[in-house]
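Order of appearance sets the numbers: ligands from 1, and atoms from 1 within every ligand. Worth knowing before you read on, the calculation uses all heavy atoms, side chains too, and leaves out hydrogens, waters and symmetry mates.
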Amino acid sequence: MALENIPDSVASAELPETSTIITATGSEWWRSAVIYQIYPRSFADSDGNGVGDLPGITHRLPALAELGVDAIWLSPFFKSPQKDAGYDVSDYCDVDPLFGTLNDFDKLLETAHGLGLKVIADMVPNHTSDQHEWFQAALAAPEGSPERDRYMFRDGKGPKGDIMPNNWESVFGGPMWERIINPDGTPGQWYLHIFDKSQPDLNWENPWVREKFFDILRFWLDRGVDGFRVDVAHGMIKEAGLPDYTPPEEGASMGGPVGSDVIHGITDPESIPDPPYWGQPGVHDIWRGWHTVLAEYEGDRVLCAEAWVDPLSKVALWVRPDEMSQAFNFAYMFAAWKAKPLRRVIKESIEAFSAVGAPSTWVLSNHDVVRHASRLALTKDSPQGAGIGPKTHGKPDPVLGLRRARAATSLMLALPGSSYLYQGEELGLPEDMELPDNARQDPTWFRTNGEKYGRDGCRVPIPWEADKPSYGFNRSGKSWLPQPQDWAPYARDAQEGVPGSTLELYKSALALRSQHRLGTGSLEWLHDYGKKVVAFRNGDVTVITNLGKVAVELPVGDILLSSEPIVGGALPTDTTVWIRS
Ligand code: NOJ
């Protein structure tokens with residue numbers, strides 16, 4: 001077998017100059033935590049109506065404790081008309097009947113804490129549902145009233161006011177403005193909605209809004225939640241005057257200019273101005289206020305920002321010591337499956353976050369993107385928010401995708417900092433690419449008239465038991481999104497105790513990560529394995545991922561973990577190994 005273990009000058013030149021990168025330290029649990037995202041609609045359904053719920057989650061929590069994660073993050077379960085799967089909240093202090101009751105939530109929390117799992121709720125402050133009483137009051141109140149000032153109402157342009165206040169386009173497609181009808185039946189003002197028209201943006205310049213959210217945070221902190229993931233944390237303040245803006249490129253997904261050119265270093269992200277609705281400096285004041293509220297509570301409560309901004313040094317501004325604790329690392333999520341960009345994003349992440357005393361986070365999948373067991377085998381750049389479906393050209397090869405996903409996760413879980421997992425990735429689930437059009441529910445699909453598939457393919461209820469109706473998601477066999485016919489091999493019970501299964505790989509990786517304290521370690525680059533690898537030492541563990549086509553000779557040592565079988569002392573392509581050194 002050809003070996004590729006000889007470094008060449010090109011390789012060395014491409015590798016980062018500094019060979020050790022020190023991670024910021026601190027005693028808080030979240031600095032090194034592995035946090036498992038539960039998408040409540042699709043995790044476990046106790047009442048058999050086809051939509052997952054809180055009692056279903058509680059029932060299945062032991063499986064997550066056994067997996068070895070430290071915390072769960074629950075996507076929204078608050079009262080909501082479910083126009084955007086719960087990211088359209090109509091009451092922040094109650095549970096939607098679809099998911100259960102406040103009592104069910106308390107039981108979930110108690111069970112999780114009893115199992116040693118922290119619980120993070122998903123706060124959605126950028127917008128409410130149009131059914132929220134604040135918005136209904138705003139519609140009923142006259143122009144210029146305090147009720148209207150809680151949202152982003154503006155007069156239309158032109159003599160009849162029928163031209164939108166500016167040219168902004170919604171993240172889900174179509175315009176970012178909707179015109180209202182006044183109580184007397186005449187056309188009225190327009191309101192801004194970065195997402196669906198059922199999700200009007202709040203006016204965060206208004207102190208009343210800020211105060212209300214302090215109360216909402218305290219409501220959940222008093223109940224005992226360990227922190228919040230904060231939705232659209234980069235979008236809450238808009239540039240004064242709301243100037244026209246046209247995005248530079250397609251594919252910006254949930255936010256700023258995260259695009260392939262940026263990721264591959266072709267475009268310097270510093271040169272791209274922030275859109276007038278993302279990453280405005282005024283947001284930081286809001287986070288300082290939230291930080292103060294969390295600091296009133298014991299136990300290192302966490303705030304994690306969903307902030308789609310570039311570059312990483314700008315994301316790091318969200319996690320300065322008096323702001324949030326962590327921010328999702330979307331640059332890492334979308335790094336190409338190539339050694340050089342991966343090394344680069346790892347280096348830049350740790351450096352950028354360490355510079356402000358924060359840990360880096362790492363993430364490969366969530367409920368908004370194509371699952372990484374499919375995305376990593378796409379031949380073109382990831383379509384991100386556009387999704388993939390039956391008519392997508394160049395469908396990813398599932399075998400290659402899973403192999404790369406296992407290697408990618410094994411690499412990620414060895415990195416110092418905090419890692420996020422998305423439900424089902426521990427089973428190796430691919431994106432469901434065959435969902436029929438009439439089953440789709442994502443507003444992206446509707447607002448683009450079916451031009452973009454959206455995110456349903458990563459949201460299909462997960463399989464627990466191979467031979468049960470709906471693979472054990474519930475007992476009735478109903479499922480709000482149809483499950484593929486061929487998911488039995490992915491079911492948890494089909495993988496439990498099976499050597500080499502993806503579930504067992506995750507369990508081993510999580511146990512070893514904790515045993516060797518990889519989450520709190522530092523990273524020393526290893527330059528001896530050629531340019532097609534990512535290789536580093538974290539504490540007493542050497543980690544090598546081979547992204548090249550030829551096998552790489554391994555150093556002597558005990559193999560602790562390998563994402564694929566190792567034969568003859570050489571690391572095959574698309575494989576990660578952990579070696580005790
Ligand atoms: C980001 C969430 O992750 C996504 O699912 C949601 O649609 C938007 N924010 C709007 O809340």
Exercise. Testing W220, Y39, F43, Y92 for ring-ring contact (aromatic ring centres under 6.0 Å, His included) with F77, which one passes?
Worked result: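 Output: one option passes, namely W220.
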
Exercise. Where on R229 is there a heavy atom closer than 4.0 Å to ligand 1, on the side chain, on the backbone, on both, or on neither?
Worked result: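 R229 to ligand 1: side-chain contact only, backbone stays beyond 4.0 Å.
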
Exercise. Side chain, backbone, both or neither: which part of F172 has a heavy atom under 4.0 Å from ligand 1?
Worked result: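 Contact part for F172 vs ligand 1: side chain (C-beta onward).
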
Check each atom of ligand 1 against the heavy atoms of [X] and keep those under 4.0 Å away; list them by number with element.
{"X": "V232", "value": "9 (N)"}
{"X": "R455", "value": "4 (C), 5 (O), 6 (C), 7 (O)"}
{"X": "H127", "value": "10 (C), 11 (O)"}
{"X": "R459", "value": "5 (O)"}

Problem set entry | Among R154, R150, K238, salt bridge (Lys or Arg N to Asp or Glu O under 4.0 Å) partner for D201 | K238

Exercise. Does the gap between the ring centers of Y87 and H367 come in under 6.0 Å?
Worked result: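 Ring centroids of Y87 and H367 are less than 6.0 Å from each other.
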
Exercise. Yes or no on salt bridge (Lys or Arg N to Asp or Glu O under 4.0 Å) for R492 and E426, after CA distance, side-chain angles and deciding distance?
Worked result: CA-CA 9 Å; R492 191 167 299 255; E426 76 280 21; 2.4 Å; yes

Problem set entry | NZ/NE/NH1/NH2 to OD/OE distance under 4.0 Å, R447 and D196 |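 D196 and R447: salt-bridged.
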
